[in-house]
Amino acid sequence: ALTGHKGWKPAWRDPEPKSHYDIVIIGGGGHGLATAHYLSKVFGQQNVAVIEKGWIGGGNVGRNTTIIRSNYLLDGNEPFYEFSLKLWEGLEQDLNYNAMVSQRGIMNLIHSDAQRDAFIRRGNAMRLNGADAELLDESQIRAEYPFLNFNDARFPIKGGLAQRRGGTVRHDAVAWGYARSADSHGVDIIQNCEVTGFRIENGKCLGVETSKGFIGATKVGCAVAGSSGRLMAKANMRLPIESHVLQAFVSEGLKPVLPGVITFGAGHFYVSQSDKGGLVFGGDIDGYNSYAQRGNLPVVEDVCEGGMAIMPMIGRARLLRMWGGIMDMSMDGSPIIDRTHIDGLYFNGGWCYGGFKATPASGYAYAHLLAKDEPHETATAYRFNRFETGHMIDEKGMGNQPN
Ligand code: FAD
């Protein structure tokens with residue numbers, strides 16, 4: 001900055017851990033930091049810490065493609081994601097932080113009559129839950145996106161389902177905004193501190209072992225997204241979750257060309273344009289389970305083929321960079337926000353490719369559970385026992401749609 005960065009105050013403190021907290025949250029990603037914000041600001045919890053093994057924002061909250069939406073079908077999901085979208089709409093005022101929330105709209109393309117029927121059903125379910133949904137015909141798509149490939153032999157564009165209130169949010173600003181707010185409400189954010197184990201005695205969790213020593217806690221909330229399987233194994237828990245890499249890509253900066261977000265589900269490709277001008281896009285997950293935060297080349301080819309199929313002009317843009325993040329893929333495509341069988345140990349995870357848009361509602365619902373020991377009304381379906389009883393929220397088409 002012009003001042004030479006002199007006299008700037010850090011946006012959050014760098015405290016040493018206390019010996020005991022009422023609530024310790026593991027994971028300084030979007031969900032962990034949002035939980036800390038709502039715990040301290042809404043639920044009046046004053047003695048809370050977030051423990052992050054790296055730096056906050058270094059995980060998926062800073063790696064995703066920034067898309068927010070609430071276009072789900074099933075009862076277990078739609079009210080939760082609509083609650084999240086409403087929280088996004090008031091987030092910048094709540095945090096007093098510019099997170100560049102941009103409701104530029106999202107469009108799911110339709111390629112067949114059967115797909116149109118399915119999208120009409122989804123749109124109706126969204127509207128019944130108070131969300132917005134709009135069915136567009138081919139001529140309306142042509143007017144908004146004239147450069148798309150309308151005549152692809154396999155996937156001709158026949159219309160689209162639009163959610164105008166969907167859009168994008170500057171992802172790392174979300175981590176920073178929640179962190180600054182939580183810190184200002186007294187939460188200790190402890191970075192470079194890895195949780196290496198749990199201290200569990202007589203079925204009760206007493207705290208966490210970390211690279212900075214033992215930290216006691218009355219309640220411990222895990223929110224480590226792609227590392228969920230590895231972390232919960234330290235409490236001898238096996239989760240209905242697999243970890244996969246998802247890659248994202250950004251082109252060189254271009255003049256404004258894309259008004260909103262487009263998803264091409266049939267070819268596994270989706271794209272938006274950042275405020276800096278880069279085309280931000282992605283596609284399918286990598287083909288095998290992994291904890292590596294980098295992707296494989298066959299998926300690069302696959303995603304670029306999807307882009308060329310639906311938006312041939314993308315072939316003129318140069319790719320600037322690509323990266324990968326670890327996704328916590330649940331078996332039905334929907335998340336878990338629940339107590340575990342261990343007293344004082346709570347779990348939040350299974351966000352698949354879709355956890356960024358869920359950040360505010362997940363934080364709110366998890367804070368509600370941790371503070372009151374009761375699930376929030378929008379998250380009552382996100383329990384572990386659905387995998388025992390068979391009451392799946394099987395929405396892989398949307399929960400697992402990559403964006
Ligand atoms: P993270 O930011 O990963 O936070 C978890 C944190 O836990 C990490 O910082 C990690 O370092 C920490 N941690 C792990 N183990 C430990 C330990 N033992 N001790 C202490 N700390 C630990 N979702 C959308 O809704 N829209 C999108 O457009 C979208 N696009 C995506 C594109 C890509 C390429 C990727 C990778 C993901 C995308 N997602 C999207 C999904 C979304 O990013 C994630 O579901 C969500 O960010 C996960 O929650 P989080 O932010 O809390 O995770």
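Just so it is clear, the values below take in all heavy atoms, side chains as well, and ignore hydrogens, waters and symmetry mates. None of these values were measured; they are calculated from a predicted model. First listed ligand is number 1; within each ligand, the first listed atom is number 1.
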Worksheet item: Just which atoms of ligand 1 are under 4.0 Å from any heavy atom in A225?
Response: 3 (O), 48 (C), 49 (O), 53 (O)
Worksheet item: Relative to atom 14 (C) of ligand 1, which among S211, S227, G283, G350 owns the nearest non-hydrogen atom?
Response: S227
Worksheet item: Hey, is ligand 1 close enough to C193 that some N/O pair sits below 3.5 Å?
Response: no
Practice prompt. Check whether the side chains of N108 and Y270 place a donor and an acceptor atom closer than 3.5 Å, and report yes or no.
Written response: no
Fill in: Proximal atoms of ligand 1 relative to A248 (non-hydrogen, under 4.0 Å)
34 (C)
Worksheet item: Has ligand 1 got any nitrogen or oxygen that is less than 3.5 angstrom from a nitrogen or oxygen of T65?
Response: yes
Worksheet item: Heavy-atom contacts under 4.0 Å between T66 and ligand 1: side chain, backbone, both, or neither?
Response: backbone
Worksheet item: Honestly, is R199 close enough over F214, meaning NZ or CZ under 6.0 Å from the six-membered ring centre and within 45° of the axis?
Response: yes
Item to complete: Could you check if a side-chain atom of E242 sits within less than 4.5 angstrom of a side-chain atom of M331, using non-hydrogen atoms only?
Response: yes
Discussion item. Can you tell me if A175 contacts ligand 1 (heavy atom of the residue under 4.0 Å from the ligand)?
Written reply: no
Discussion item. A quick test of your reading: do over 12 heavy atoms of other residues, nucleotides or ligands sit less than 6.0 Å from CZ of R121?
Written reply: no
Response to the item:
If we number the atoms of ligand 1 from 1 as shown, the ones under 4.0 Å from a heavy atom of I26 are 19 (N), 20 (C)
Practice prompt. Pick one of side chain, backbone, both or neither for how A358 approaches ligand 1, counting any non-hydrogen atom pair under 4.0 Å.
Written response: neither
Worksheet item: Going by the atom numbers of ligand 1, which of them fall below 4.0 Å from some non-hydrogen atom of C352?
Response: 45 (O)
Worksheet item: So between M327, E52, H31, whose heavy atom ends up nearest atom 8 (C) of ligand 1?
Response: E52
Worksheet, complete the sentence: Within the 4.0 Å heavy-atom cut-off, what I51 brings close to ligand 1 is backbone
Worksheet item: Is a salt bridge present between R164 and E144, judged by a nitrogen-to-oxygen distance below 4.0 Å?
Response: yes
Worksheet item: Is any N or O atom of G30, backbone or side chain, closer than 3.5 Å to an N or O atom of ligand 1?
Response: yes
Worksheet item: Nearest non-hydrogen atom to atom 7 (O) of ligand 1 belongs to which of S84, G295, G27?
Response: G27
Worksheet item: Quick one: does G354 get a heavy atom under 4.0 Å from ligand 1?
Response: yes
Worksheet item: Is G32 close to ligand 1, meaning an N/O of one under 3.5 Å from an N/O of the other?
Response: no
Worksheet item: Does the side chain of Q247 pick up a donor-acceptor pair with the side chain of D286 at under 3.5 Å?
Response: yes
Response to the item:
W351 heavy atoms within 4.0 Å reach ligand 1 at atoms 45 (O)
Item to complete: Assess whether atom CG of N192 is packed by more than 12 heavy atoms of other residues, nucleotides or ligands within 6.0 Å.
Response: yes
Discussion item. Is there a polar contact, in the sense of an N or O pair closer than 3.5 Å, between V195 and ligand 1?
Written reply: yes
Practice prompt. Count the heavy atoms of every other residue, nucleotide or ligand shown that sit under 6.0 Å from CZ of R13, and state whether that count exceeds 12.
Written response: yes
Discussion item. I want to know if ligand 1 touches D328 in the polar sense, i.e. an N/O pair below 3.5 angstrom.
Written reply: no
Worksheet item: Does a donor on one side chain sit under 3.5 Å from an acceptor on the other, for Y81 and N129?
Response: no
Worksheet, complete the sentence: So for Q247 against ligand 1, with non-hydrogen atoms under 4.0 Å, the contacting part is backbone
Practice prompt. Could you tell me if any non-hydrogen atom of A223 lies under 4.0 Å from any atom of ligand 1?
Written response: yes
Practice prompt. Using ring-ring contact (aromatic ring centres under 6.0 Å, His included) as the criterion, point out the one residue from Y72, Y366, Y382 that pairs with F80.
Written response: Y382
Worksheet item: Within the structure, does N60 bring an N/O atom to less than 3.5 angstrom of an N/O atom in ligand 1?
Response: yes
Discussion item. For D94 and H37, which I'm curious about, is there any donor-acceptor pair between the side chains at under 3.5 Å?
Written reply: yes
Worksheet item: Hey, is CZ on R230 packed in by over 12 heavy atoms from elsewhere, all under 6.0 Å?
Response: yes
Item to complete: Using a strict 4.0 Å cut-off to heavy atoms of K357, name the atoms of ligand 1 that fall inside it.
Response: 24 (C), 25 (O)
Discussion item. Between Q163 and S70 (side chain of the first, backbone of the second, donor and acceptor by atom type, cut-off under 3.5 Å), is there such a pair?
Written reply: yes
Discussion item. Can you see whether T35 engages N348 through a side-chain donor-acceptor pair at a distance of less than 3.5 angstrom?
Written reply: no
